[in-house]
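Read the structure below first, then the notes.
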Number of protein chains: 2
Amino acid sequence: MEKKELFGRCPYVTAQKVLTGKWSMYILYLLSEGAIRFNELQRRMPEEMTHTTLSRQLKTLEKEGLIIRTEYQQIPPRVEYRLSEVGEKFKSVLSVLKIWGDEYILYLNKTKK
Amino acid sequence: MEKKELFGRCPYVTAQKVLTGKWSMYILYLLSEGAIRFNELQRRMPEEMTHTTLSRQLKTLEKEGLIIRTEYQQIPPRVEYRLSEVGEKFKSVLSVLKIWGDEYILYLNKTKK
DNA sequence: CCGGATCCAGCTAGATACTG
DNA sequence: CAGTATCTAGCTGGATCCGG
């Protein structure tokens with residue numbers, strides 16, 4: 001009996017793995033509104049996140065094929081990030097996720113109080 | 001200027017945190033088909049996952065309010081897990097996520113080959 | 001049958017410093 | 001402006017053993 005590797009076969013396990021990064025969903029959300037530059041992205045991220053972390057997460061998402069990095073040869077440098085084709089399709093997940101997330105926050109407030 | 005804590009305020013960051021567990025989505029998917037006992041759950045999980053890990057993840061999801069644990073006082077013991085009310089609402093996310101996950105797997109196969 | 005307690009290894013986010 | 005290199009601390013998944 002061989003090992004049951006579900007990554008690449010099960011949509012849930014595969015999606016889970018892609019979304020492990022602590023900020024991946026929020027990054028994808030910001031990118032879902034259009035191409036955005038590195039610094040602008042960082043400014044919109046929570047303060048506790050450093051540019052090192054952001055850079056690493058972006059690289060991971062790029063390697064996974066969800067986002068596309070475009071570098072314009074200028075001085076000063078200009079780099080833009082945007083969703084790839086598969087990344088664009090993820091928008092549908094984001095919209096449903098937003099609805100659920102808001103409901104969950106409501107739930108949290110009800111029980112915490 | 002105070003710290004911008006987005007958990008509990010931003011739906012994406014909040015959802016992300018809830019779904020950090022390595023198997024959370026897959027567990028929620030299995031539970032989305034109805035109440036299920038511990039052992040049955042474990043049997044449906046990938047082999048590489050031990051009961052210790054499963055137990056811990058279930059406890060986390062229970063604490064987060066996504067699932068409900070019901071213990072029947074019997075010999076031998078019988079424990080069932082099912083989705084809570086907020087957990088049930090997560091099904092909509094799961095269905096969209098499945099669609100995207102499958103598309104992403106297709107994408108992976110196209111590029112890897 | 002359904003776990004808890006413990007320990008350990010690996011990952012990864014964050015801090016800091018440096019660069020074209 | 002947009003990063004990389006390096007180091008560290010903390011989390012967490014997995015293994016093993018014990019228990020009601």
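Naming convention: chains lettered A, B, ... in sequence-line order (proteins, then strands); numbering from 1 in each chain. Because the structure is a prediction, the values reported are computed rather than measured.
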Separation of dA13(C) P from Trp23(A) CH2 (nearest whole Å): 10 Å
How would you label the contact of Tyr81(B) with the nucleic acid (heavy atoms, under 4.0 Å): base, sugar-phosphate, or nothing? sugar-phosphate
Let me know the distance between OH of Tyr26(A) and C1' of dA13(C), rounded to the nearest Å. 18 Å
Sort me out a list of protein N/O and nucleotides 15-20 of chain D N/O pairs below 3.5 Å, or just none if empty.
from    : atom 1 : to       : atom 2 : distance (Å)
dT16(D) : O4     : Thr52(B) : OG1    : 2.7

Looking at Arg78(A), I'd like to know whether one of its side-chain N or O atoms comes within less than 4.0 Å of OP1 or OP2 on dA2(D). no
Is there a side-chain polar atom (N or O) of Gln57(A) under 4.0 Å from OP1 or OP2 of dA13(C)? yes
Tell me every residue that passes side chain to side chain contact (heavy atoms under 4.5 Å, CB included) with Arg69(A), counting only those two or more places apart in sequence or in another chain. Glu62(A), Glu71(A), Val79(A), Tyr81(A)
Separation of dC1(D) C1' from Glu40(A) CD (nearest whole Å): 13 Å
Near Glu40(A) CD, under 6.0 Å, is it more than 12 heavy atoms from other residues, nucleotides or ligands? yes
In this structure, how many angstroms lie between the C1' atom of dA9(C) and the NZ atom of Lys22(B), rounded? 13 Å
Donor-acceptor pair between Gln16(B) and Ser24(A) side chains, under 3.5 angstrom: yes
Sequence neighbours left out, what pairs pass salt bridge (Lys or Arg N to Asp or Glu O under 4.0 Å) with at least one residue falling in residues 11-34 of chain B? Glu33(B)-Arg44(B)
Taken to the nearest whole Å, CG/Leu61(A) to P/dA13(C) is 11 Å
Report which part of the nucleic acid Glu71(B) touches: base, sugar-phosphate, or nothing (heavy-atom distance under 4.0 Å, all strands). nothing
Can you find a heavy atom in the side chain of Pro46(A) that is under 4.5 Å from one in the side chain of Trp23(A)? yes
Between dG20(C) atom P and Gln73(A) atom CD, what is the distance in whole Å? 15 Å
Between P on dA13(C) and CD on Gln42(A), what's the gap in Å once rounded to a whole number? 15 Å
Among the nucleotides dT4(D), dG13(D), dC1(D), which one has an atom lying closest to any side-chain atom of Lys59(A)? dT4(D)
Please state how far atom CZ in Arg43(A) lies from atom P in dG3(D), giving the value in whole angstrom units. 14 Å
Residues Arg82(B) and Glu80(B) bridged, charged N to O under 4.0 Å: no
Using distance alone, with no hydrogens and no angle criterion, decide if Thr52(B) and Ser55(B) have a side-chain donor and acceptor under 3.5 Å apart. no
